[in-house]
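Inspection log for the structure reproduced underneath, given as structure tokens.
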Amino acid sequence: MSEVLINVDHIVKRYDNNTVLNDLSLQVHKGEVLVVVGPSGCGKSTLLRTMNGLEPIQDGQITYRDKKVDAKNKDITEIRQKVGMVFQSYELFPHMSILDNITLSPILVQKKERKEAEKEAEDLLRRVGLIDKKDAYPRQLSGGQKQRVAIVRALAMHPEVLLFDEVTAALDPEMVREVLDVILELAKQGSTMVIVTHEMNFAKAVADRVIFLDKGNIVEEGSPFDFFEDPKTERAKKFLQTFTFDKVDKGAGI
Ligand code: ADP
């Protein structure tokens, strides 16, 4: 398999006495789409947040390439540029235009020329069908549009890995597809992504590898075909029984 970008090595994450991730290890390889599924509260979001240093861990180690992922590490800003994250709640600045939201970090952190940053932001907005919104403010956009902008904002930093934390969970059903289509398109282009989702049809369509998490550890891991068609554990079988599956068109895109 291709090179390892993120190595999660026997990590333990606790909130007070609550052990949320318990001696968990996994690797994210360049070019793969890793989908993390599991029941609510099993630690998916926490796991994702540890991967770019948003949550401290109590034991074990996480590295991005040869760099230790740790908020106290001097490399953390660089790591967070390389390991981008998209959140359920968009996290756009309400007082800034869409274009300014997208160009803020490239200009401030990466010291890009404004003109160059704006051109790139416009190209990305065009790709997700939102170029006409560049001067609008977040409040003027639908949830699905805001989330597409949040993805563009992450892409503008040229991350090597993108982490998606339940990015459609707050959206009305009719807006889910437009966001998932953007992610499917990124997958087709070979982006390295770790995706936490409850959208099982999407997970099945987009994943190269699926990890099933329960009670803070990996219970099952495999290809989407193996996991969805032939789950090995009772826990995974039970989990999958709560979803209905349909045919997803992997060719749909932006
Ligand atoms: P999932 O994403 O699988 O739904 P989370 O990672 O959000 O699960 O949460 C895992 C566990 O960690 C839950 O028991 C949750 O209550 C707890 N937890 C998450 N964030 C915090 C926090 N900031 N403080 C205390 N406990 C937390």
Side-chain angles (χ1 to χ4, degrees), residues 20-21 24 26 28-29 31-49 51 85-90 128-130 141-151 154 162-254:
V20 175
L21 302 174
L24 186 149
L26 64 84
V28 182
H29 297 85
E32 83 166 331
V33 179
L34 177 61
V35 173
V36 182
V37 300
S40 189
C42 71
K44 304 180 296 294
S45 176
T46 304
L47 170 64
L48 216 58
R49 293 165 64 84
M51 286 191 201
M85 184 145 176
V86 184
F87 301 89
Q88 181 180 322
S89 52
Y90 332 121
V128 302
L130 291 175
L141 270 58
S142 71
Q145 290 171 333
K146 278 189 271 208
Q147 196 55 290
R148 282 185 278 158
V149 169
I151 295 172
L162 265 176
L163 312 174
F164 289 92
D165 189 11
E166 292 275 14
V167 294
T168 59
L171 299 179
D172 291 334
E174 69 269 22
M175 291 170 193
V176 169
R177 186 64 201 238
E178 68 191 45
V179 173
L180 297 184
D181 280 350
V182 171
I183 304 174
L184 279 167
E185 188 63 29
L186 292 172
K188 277 202 289 185
Q189 292 160 8
S191 305
T192 309
M193 301 190 277
V194 185
I195 302 174
V196 167
T197 184
H198 277 122
E199 298 282 338
M200 289 304 130
N201 289 300
F202 167 67
K204 201 170 167 180
V206 79
D208 293 314
R209 190 157 60 101
V210 179
I211 278 178
F212 174 61
L213 212 65
D214 196 14
K215 300 195 178 91
N217 221 323
I218 297 170
V219 174
E220 218 167 299
E221 175 181 357
S223 72
F225 184 84
D226 286 348
F227 179 72
F228 289 105
E229 306 300 331
D230 186 22
K232 300 286 178 288
T233 61
E234 284 308 311
R235 270 143 94 186
K237 282 180 196 163
K238 214 168 147 203
F239 172 75
L240 288 171
Q241 274 163 11
T242 59
F243 296 95
T244 43
F245 288 90
D246 55 35
K247 205 170 175 293
V248 172
D249 172 14
K250 203 170 181 172
I254 51 179

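These numbers were taken from a predicted model, which means no experiment stands behind them. The first residue in the sequence is number 1, and the count goes up from there. We use all heavy atoms of the structure for the numbers below, so side chains are in, but hydrogens, waters and symmetry mates are not.
Between the NZ atom of Lys237 and the CG atom of Asp230 there is a distance of 7.5 Å, given to the nearest 0.5 Å. Note that the CG atom of Leu34 and the OG1 atom of Thr192 stand 10.5 Å from one another [nearest 0.5 Å]. The distance from the CG atom of Leu186 to the CE atom of Met193 is 5.0 Å, given to the nearest 0.5 Å. Rounded to the nearest 0.5 Å, atoms CE (Met175) and CZ (Arg177) are 16.0 Å apart. Phe227 CZ to Lys232 NZ: the interatomic distance, rounded to the nearest 0.5 Å, is 10.5 Å. For the atom pair CD of Glu220 and OG1 of Thr233, the computed distance is 4.0 Å after rounding to the nearest 0.5 Å.
Side-chain contact check for Met85 versus Arg49: some heavy-atom pair is nearer than 4.5 Å. Counting only heavy atoms from C-beta outward, the side chains of His29 and Arg209 approach each other to under 4.5 Å. In this structure, the side chains of Val128 and Ile151 stay at 4.5 Å or more apart for every pair of heavy atoms. Annotation: side chain of Thr197 is not in contact with side chain of Val206 (no heavy-atom distance under 4.5 Å). The shortest side-chain heavy-atom distance between Gln88 and Asp165 does not fall under the 4.5 Å cut-off. By the 4.5 Å heavy-atom criterion applied to side chains, Ser142 and Glu174 are not counted as neighbours. Residues Gln147 and Phe164 fail the side-chain proximity criterion, which asks for heavy atoms closer than 4.5 Å. Side-chain atoms of Phe228 and Val210, non-hydrogen and from C-beta on, do get closer than 4.5 Å to each other.
Using a 4.0 Å cut-off between a side-chain N of Lys or Arg and a carboxylate O of Asp or Glu, Glu229 and Lys204 qualify as a salt bridge.
Shortest non-hydrogen contact noted between Asp208 and Pro224 is O-CD, 3.4 Å. The two residues Leu141 and Lys146 make their nearest non-hydrogen contact at O-CE, 3.6 Å. Shown here for Ala203 and Val35, the closest heavy-atom pair between the two residues is CB-CG1, 3.7 Å. Across all their heavy atoms, Ala187 and Val33 have their closest contact at CB-CG2, 3.9 Å.
With sequence neighbours excluded, the residues forming a salt bridge (Lys or Arg N to Asp or Glu O under 4.0 Å) with Asp214 are Arg235, listed by chain and number. Judged as a side chain to side chain contact (heavy atoms under 4.5 Å, CB included), and not counting sequence neighbours, the contacts of Ala154 are Val86, Leu162.
Of the possible donor and acceptor atoms, none in the side chain of Gln241 sits under 3.5 Å from a partner among the backbone N and O of Ala236. Lys44 places no side-chain N or O within donor-acceptor distance of the main-chain N or O of Phe212, the cut-off being under 3.5 Å.
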Before giving the answer on side-chain contact (heavy atoms from CB on, under 4.5 Å), spell out for Glu178 and Gln145 the whole-Å C-alpha distance, their side-chain angles and the decisive distance to 0.1 Å.
CA-CA 8 Å; Glu178 68 191 45; Gln145 290 171 333; 4.3 Å; yes

Verdict with reasoning, Val219 to Leu213, per side-chain contact (heavy atoms from CB on, under 4.5 Å):
CA-CA 6 Å; Val219 174; Leu213 212 65; over 6 Å; no

Using the rule given for side-chain contact (heavy atoms from CB on, under 4.5 Å), can you reason through Leu184 versus Phe202, listing the C-alpha separation, both sets of side-chain angles and the distance that settles it, and then say yes or no?
CA-CA 9 Å; Leu184 279 167; Phe202 167 67; 3.9 Å; yes

Decide yes or no on side-chain contact (heavy atoms from CB on, under 4.5 Å) for Ile218 and Leu26, but give the supporting numbers first.
CA-CA 9 Å; Ile218 297 170; Leu26 64 84; 4.1 Å; yes

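Residue Phe243 qualifies as enclosed at atom CZ: its count of foreign heavy atoms under 6.0 Å is above 12.
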